[in-house]
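Everything on this sheet refers to the single structure shown next.
Computed from heavy atoms alone, side chains included, the values below leave out hydrogens, waters and symmetry copies.
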Amino acid sequence: MAKRPASSSGHGDMPVDSGGADGLEDVSLFDERLFFAHQPAKFALRNKPTKPPSAPANGEAHYHGHRERLRNRYRDGGDGALADYEILELLLFRLIPRRDTKPIAKALLARFGTLGGVFGAPANLLQEISGVGEAVALDLKLVASVAQRMLKSELAGKPVLSSWKALIDYCHTAMAHETREQFRILFLDKRNALIADEVQGLGTIDHTPVYPREVVRRALELSATAVILVHNHPSGDPTPSRADIDMTKTIIDTAGPLGITVHDHIIIGKNGHVSFRALRLV
């Protein structure tokens with residue numbers, strides 16, 4: 001018996017073959033395809049998407065009132081009226097205008113520990129926090145740069161040795177949260193005023209190559225009569241190693257005959273610093 005040509009079902013244009021002994025197999029297949037389409041509406045309602053919460057009548061998101069209250073607290077009470085996460089949240093208002101920034105601020109502090117840790121963190125690590133994209137990470141780094149420039153300006157034109165707290169604050173802001181060792185030299189004139197502040201080397205998490213001859217050469221180029229050596233310990237512990245002590249002695253021995261004094265070597269950690277002069281190592 002010849003089969004009739006396949007016809008369209010009218011449902012997704014799937015062909016239905018009506019052939020077979022009595023056509024029952026094909027009708028059954030057709031019914032299975034349409035089974036769920038013909039169920040009562042109450043079955044479909046179970047998986048109906050939940051309607052998002054309606055916005056306030058004035059069209060503002062729920063956090064807008066919170067932002068205004070936080071701004072008012074800062075205006076009336078200054079930074080002492082806010083917790084660290086609220087200070088960070090207040091800044092993020094301007095960087096992320098259409099999102100609740102409290103969870104982001106708290107996540108940043110949970111990850112990096114302190115405000116200093118947040119602003120000192122590398123941009124790529126900041127972007128691992130949900131809600132922080134490249135633009136926001138760069139803006140946070142910009143704030144850190146402004147803070148560093150502000151602290152550095154406190155040293156300009158002043159005898160560094162009589163502005164010791166300002167020096168330590170600056171070095172801590174610039175280096176304490178670096179993830180790699182950084183060797184920095186402060187070059188001073190005969191009044192011990194700052195001539196230049198230069199990073200001479202970047203290393204690994206626990207080592208930075210330092211070349212005493214290069215330190216002295218650069219001091220001579222700048223007509224510096226004294227230097228202060230500074231480097232950081234990413235581990236957080238500023239205790240000097242034997243290599244730190246030996247390297248410092250080599251620089252002192254190389255610079256001394258050329259009239260260049262090494263006033264100090266400072267090691268910066270996340271929670272403090274160590275002065276070689278205070279330890280009587282220079």
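With hydrogens and angles ignored, the 3.5 Å screen pairs a side-chain donor or acceptor of H172 with a backbone N or O of G269. The main-chain N or O of M175 is never found under 3.5 Å from a side-chain atom of E178 such that the two would form a donor-acceptor pair. The backbone N or O of R277 lies less than 3.5 Å from a partner atom in the side chain of D264, making a donor-acceptor pair. Panel note: side chain N192, backbone P159; no donor-acceptor pair is recorded below 3.5 Å. Using a distance-only test at 3.5 Å, with no hydrogens or angles considered, no donor-acceptor pair links the side chain of T225 to the main chain of I260.
Under the 30°/60° scheme for interplanar angles, the aromatic rings of H265 and F276 are found to lie parallel.
Under the 3.5 Å distance criterion, with hydrogens and angles disregarded, no donor-acceptor pair is assigned to the side chains of R69 and N72. Looking at D237 and T239, their side chains do bring a donor and an acceptor atom within 3.5 Å of each other.
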*Using the side-chain contact (heavy atoms from CB on, under 4.5 Å) rule, take E214 and R218 through it: C-alpha gap first, then chi angles, then the decisive distance, then the call.*
CA-CA 6 Å; E214 289 301 309; R218 184 58 176 155; over 6 Å; no
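Considering only heavy atoms from C-beta on, I228 comes within 4.5 Å of L167 through its side chain. With a 4.5 Å cut-off on side-chain heavy atoms, V118 and L109 count as touching.
A search for salt bridge (charged side-chain N to carboxylate O under 4.0 Å, His left out) contacts involving K249 returns D253, not counting sequence neighbours.
L188 and I195 fall into different hydrophobic clusters, defined by Ile, Leu, Val, Met, Phe, Trp and Tyr side-chain heavy atoms under 4.5 Å apart, directly or through other members.
Contacts classified as side-chain hydrogen bond (donor to acceptor under 3.5 Å, both in side chains) and involving residues 127-142 (residues at least two apart or in different chains) are given here: R111-E128.
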